[in-house]
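The structure presented is a predicted model; accordingly, all values stated were derived computationally and were not measured.
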Amino acid sequence: MIRALWFILKLAVVIAIAIWLIERPGTVSVNWLGYAIETSFTVALLIGLVALGIAALGYRLVRAILRTPTRVRRHSRARKRERGYRALTQGMVAVAAGDAPTARKMARKADGLLNEPPLTMLLSAQAAQLQGDERAAKEYFTAMLERPETAFLGLRGLLTQAIKAGDRVEALQLARKARALQPNTPWLLGTLYDLEARSGDWAAAEGTLQQAIQAGAIPTEDGRRHRAVLLLERSFESERRGRSDSALSHAQSAHDLMPGFVPAAARLARLQVAAGKPKAAAKVVERTWRLSPHPDLADAYREVLNGYDPLTRVKLFEKLLNQAPKHVESHIALARIALEAQLWGEARDHLNRALAIEPSRRLYRLFAELERSERQDESAARDWMAKAAAAPADPAWTCDPCNAVSHAWGGLCGHCGAFDSLDWKAPTLATSLMEPGGPPAALAKPSAA
């Protein structure tokens, strides 16, 4: 409707002009080079308009002729770029399909057709990796460092290669350089935290962990557990350096973050005993026992009560039983302390209660010890030991990724180096028995007993 009205308006204006010209006739005379031309104004105007039209058409024709080489070149470049992107796409598909020869061929073709170093160099590097040519891939990634727009991609490629090769020192340096370029990249923060933790740089790892949580690379709840483990490792580090106050402070922070985390509670209790705070240490163990009864806590509690006589220790150990009366560890802890106090009847009673809850290899061994200590009955002891040999393995600090068993909890697995991977569980196929510590290898899920 609006277009029709606009057309009618323009037509009306033209008609009005024509009528105005017809009503006002006139003549136009032109004298040029001895020629005299005389015509009406209307005819002269029409001739002028026709001349302008011919001039405009001529101008367009000349401009089209002059622009033809440019258009040909532009069309050629567009065709070349189209072929280049097609080769690039085919190369990416070949990489995804694991077709190394095609990927390498398409990478060379795309490099010749496109002036896109970030894409072609990345494809060339991936094709080289697919063929197992890590040296060529490293050269491509290194070349990418020379351009600001490709530097991060190059660092990521080199970082991946370093991690794959097990060069954690180089990987850590590359990760820190990459963070300087892209400080809020989630995957990078997670990788950097992993490397710092496995290298034992606990303070740096704690700072990176906070960034990773804020960036969403690590869930908040997992981050709390990771931080508790880092604080506990910082406690061990401070103790090695003779800074007992700092060691106690870090252990307290770890326990406050995760009251049910057995290693933190046991560690805090021992440090409080060393600091002359046995009552506070006892409360820590008792509070954590209610959440997570555990043999390590029972051992720490014995150290807390070391200054008492055997009968008093048995009486005080009943506090643990009151915290978790139906848990097998409560009865085993009472049985062990009763054995030490030579209260044979009480020890046997708690062992029987534990046996009714959950038979175990450790429990059978305690029965054998009771038979030897109370009755000197070696035959009965051998029967219990035979049952122990046939029973499933007792729970131990076992690494989730490699299934290695450690004598004591540690932030790093001593076999594969996984960070915070030790769970209290029965190993299915133990790799070895070892003390915590050793060459780190991979980040695992945090765990709390």
Side-chain angles (χ1 to χ4, degrees), residues 121-122 125-126 128-129 132-148 150-213 215 217-218 223 226-227 229-238 240-241 250 399-402 404 406 410-422 431-432 434-446:
M121 282 195 292
L122 181 60
Q126 290 178 329
Q129 285 182 319
D133 191 351
E134 294 294 335
R135 181 177 179 181
K138 185 174 183 179
E139 290 177 357
Y140 283 117
F141 287 133
T142 303
M144 293 170 75
L145 300 180
E146 298 175 1
R147 294 172 174 264
T150 60
F152 185 75
L153 287 174
L155 285 170
R156 178 170 186 168
L158 293 172
L159 174 59
T160 302
Q161 282 190 312
I163 292 175
K164 183 178 179 181
D167 189 349
R168 290 178 295 277
V169 175
E170 178 69 13
L172 182 56
Q173 293 176 351
L174 290 168
R176 285 173 172 166
K177 289 180 181 179
R179 183 173 65 172
L181 295 177
Q182 298 286 345
N184 297 316
T185 305
W187 71 264
L188 177 58
L189 290 171
T191 301
L192 178 58
Y193 163 66
D194 174 9
L195 292 168
E196 287 175 338
R198 287 186 285 142
S199 68
D201 193 348
W202 312 118
E206 190 176 351
T208 305
L209 173 62
Q210 188 60 35
Q211 273 188 282
I213 294 172
I218 297 176
H226 280 305
R227 185 162 182 264
V229 174
L230 290 172
L231 287 166
L232 201 53
E233 286 294 347
R234 293 188 70 180
S235 174
F236 286 117
E237 184 179 54
S238 296
R240 287 191 295 270
R241 294 180 178 180
H250 288 314
C399 178
D400 281 338
C402 71
S406 177
L412 297 173
C413 172
H415 182 260
C416 71
F419 175 71
D420 190 19
S421 64
L422 298 184
T431 301
S432 59
M434 64 198 74
E435 294 299 329
L443 179 65
K445 75 174 185 65

Worksheet item: Taking the side chain from T208 and the backbone from A205, do they hold a donor-acceptor pair closer than 3.5 Å?
Response: no
Item to complete: I would like to know whether F152 and L188 meet side-chain contact (heavy atoms from CB on, under 4.5 Å); could you show each step before the answer?
Response: CA-CA 11 Å; F152 185 75; L188 177 58; 3.9 Å; yes
Item to complete: State the CZ-CG distance between R227 and D420, to the nearest 0.5 angstrom.
Response: 14.5 Å
Worksheet item: Which heavy-atom pair separates L192 from R176 by the least distance, and what is that distance?
Response: CD1-CG, 3.8 Å
Worksheet item: Measuring from T191:OG1 to L174:CG, what's the distance to the nearest 0.5 Å?
Response: 12.0 Å
Fill in: Closest non-hydrogen atom pair between H415 and A404, with its separation
CB-CB, 3.6 Å
Discussion item. Walk me through whether E237 and R241 qualify under side-chain contact (heavy atoms from CB on, under 4.5 Å).
Written reply: CA-CA 6 Å; E237 184 179 54; R241 294 180 178 180; 3.6 Å; yes
Discussion item. Can you give me the closest heavy-atom contact between A418 and C399, atom names plus distance?
Written reply: CB-SG, 4.3 Å
Worksheet entry | Least distance between heavy atoms, R179 atom then L189 atom | CD-CD2, 3.9 Å
Practice prompt. Could you walk me through whether E206 and W202 pass the side-chain contact (heavy atoms from CB on, under 4.5 Å) test, one step at a time?
Written response: CA-CA 6 Å; E206 190 176 351; W202 312 118; over 6 Å; no
Worksheet item: Do you know which two heavy atoms are closest between C413 and C416, and how far apart they sit?
Response: SG-N, 3.5 Å
Worksheet item: So how far is it from S199 OG to D194 CG, rounded to the nearest 0.5 Å?
Response: 9.5 Å
Identify every side-chain donor-acceptor pair in residues 158-165 under 3.5 Å, counting partners at least two apart or on other chains, and give the distances.
| residue | atom | partner | partner atom | Å |
| --- | --- | --- | --- | --- |
| T160 | OG1 | R156 | O | 2.9 |
| Q161 | NE2 | E134 | O | 3.0 |
| Q161 | NE2 | E134 | OE1 | 2.6 |

Worksheet entry | From L422 atom CG to D400 atom CG, the distance as rounded to the nearest 0.5 Å | 8.5 Å
Item to complete: Name the orientation class of the two ring planes belonging to F419 and Y193 (parallel below 30°, tilted from 30 to 60°, perpendicular beyond 60°).
Response: perpendicular
Worksheet, complete the sentence: Between S238 and H250 the two heavy atoms that sit nearest each other are OG-CD2, 3.6 Å
